[in-house]
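Each residue takes its place number in the sequence, starting with 1.
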Amino acid sequence: MTAFPIAPPVRALVRKELREYRHHRMIVLTATILPIVFLILPMANLALFDPDRSVGGTNLAVGQAMFCFFLSPVIIPATMAAFAVIGERDQGTLEPLLTLPLTDRQFLAGKVIAILIPTIGASFTIYTAYMLFVLLAVHGPVREPVLDWTWPMGFVLLAPALSAFSTLVGMAFSARAKDIRVAEHLSGLVLLPAMLPVMLVVTRTIPATPVTWLVFVTAIVVLDFLLWRMALRAFDRERAISAV
């Protein structure tokens, strides 16, 4: 998809999508409140950490905090992706949009990019704020495990791939479902089990090593590529417009 953003029709669609997000209350709430929650919970978890009372020790405390950050690029795009097609159809704006000189590839690429930009931006912003908080305010036995470089490596590698996975799954359901809420619920059923590998790492069932992250990100990128190809083959303009 690297060549898609430079195409003028794709850039125009991305700008249009980003402008319209501001007018949809649910999307705005999802893109602002959820990142704040995902930031406050890990910070509170570490600030209140007591090694004498903690069950599972420092590794579990750090893993629980990190899980929120790995969850953010999966949950944040859900509402935007669910709205991508069915929301346009419900508002009566999908048919005029599809009459523009946009190929199916450009249409889907513009939608995906417009979702990935705020999602990845919000995810990296809250993680950066979290790391600054740790550097400035966290002390004691939990500090060193939090600052272990393998965690930032894993997050930087996985966050974009997880965002793309969540977005493509949500858009697939958006193109087929009859109701936005149905699309969101169906996406959730698929996305949450997809977090199992991350759960195994944050609970230290699998060690958080560079090899682990590279294996996971490779698998997710391959899956993203397959989902993209499936989306291109499955997208039907007439069905998207006329589905009721």
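Side-chain contact between Leu157 and Phe216 is absent, with no heavy atoms from C-beta onward closer than 4.5 Å. Contact check for Met131 versus Pro152: side-chain heavy atoms found under the 4.5 Å cut-off. The shortest side-chain heavy-atom distance between Thr203 and Gln64 does not fall under the 4.5 Å cut-off. In this structure, the side chains of Tyr130 and Leu46 come closer than 4.5 Å at one or more pairs of heavy atoms. Here the side chains of Ile113 and Glu17 are not in contact, with every heavy-atom distance at 4.5 Å or above. By the 4.5 Å heavy-atom criterion applied to side chains, Pro73 and Phe124 are not counted as neighbours. In this structure, Pro77 and Leu116 have side chains that are not in contact, with every pair of non-hydrogen atoms separated by 4.5 Å or more. Contact of the Val112 side chain with the Met171 side chain is registered, since non-hydrogen atoms from C-beta on lie closer than 4.5 Å.
The structure places OG of Ser163 at 9.5 Å from CG of Asp224, a figure rounded to the nearest 0.5 Å. Interatomic distance, CD1 of Ile120 versus OG1 of Thr125, reported as 11.5 Å (0.5 Å rounding). Atom CG in Leu108 sits 8.5 Å away from atom OG1 in Thr103 (nearest 0.5 Å). Note that the CG atom of Leu162 and the CD1 atom of Ile75 stand 10.5 Å from one another [nearest 0.5 Å]. Taken to the nearest 0.5 Å, the OG atom of Ser123 stands 10.5 Å off from the CG atom of Leu34. In this structure, the separation between SG on Cys68 and CE on Met43 is 12.0 Å, given to the nearest 0.5 Å.
The two atoms that bring Arg143 and Val134 nearest to each other are NH1-O, 3.0 Å, heavy atoms only.
A chain of hydrophobic side-chain contacts below 4.5 Å, direct or via other Ile, Leu, Val, Met, Phe, Trp or Tyr residues, connects Ile76 to Leu18. Leu136 is not connected to Ile40 by any chain of hydrophobic side-chain contacts under 4.5 Å among Ile, Leu, Val, Met, Phe, Trp and Tyr, and they are in different clusters. In the hydrophobic clustering of ILVMFWY residues, with side-chain heavy atoms under 4.5 Å counting as a link, Val156 and Leu214 come out apart. Put simply, Leu135 and Ile126 are part of the same group of oily side chains (I, L, V, M, F, W, Y) that touch within less than 4.5 Å, one to the next. Note: the hydrophobic cluster containing Leu132 does not contain Val62 (ILVMFWY, side chain heavy atoms under 4.5 Å, direct or indirect links).
Remark: the backbone N or O of Ala208 is paired with a side-chain donor or acceptor of Thr150 at under 3.5 angstrom. Between the Thr212 side chain and the Pro207 main chain, a donor and an acceptor come within less than 3.5 Å of each other. Panel note: side chain Ser72, backbone Phe69; a donor-acceptor pair is recorded below 3.5 Å. Distance alone, capped at 3.5 Å, places no donor-acceptor pair between the Trp213 side chain and the Met153 backbone. Looking at Arg11, its side chain never comes within 3.5 Å of a backbone N or O of Gly110 through a donor-acceptor pair.
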### Task
Test Met66 against Tyr127 for side chain to side chain contact (heavy atoms under 4.5 Å, CB included), laying out the working first.
CA-CA 9 Å; Met66 284 302 304; Tyr127 187 68; 3.6 Å; yes
### Query
Going through the distances and angles, do Thr205 and Val201 end up as a side chain to side chain contact (heavy atoms under 4.5 Å, CB included)?
CA-CA 6 Å; Thr205 304; Val201 177; over 6 Å; no
### Task
Check the pair Trp228, Arg105 against side chain to side chain contact (heavy atoms under 4.5 Å, CB included), reporting the backbone distance first and the verdict last.
CA-CA 9 Å; Trp228 171 252; Arg105 183 183 296 267; 4.0 Å; yes
### Message
Assess the residue pair Leu71 and Met195 against the criterion (side chain to side chain contact (heavy atoms under 4.5 Å, CB included)); give the C-alpha distance rounded to whole Å, side-chain angles, the decisive distance to 0.1 Å, and a yes or no.
### Response
CA-CA 8 Å; Leu71 193 61; Met195 292 297 295; 4.1 Å; yes
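A tilted orientation is assigned to the rings of Trp151 and Phe70, their planes being inclined by 30° to 60°.
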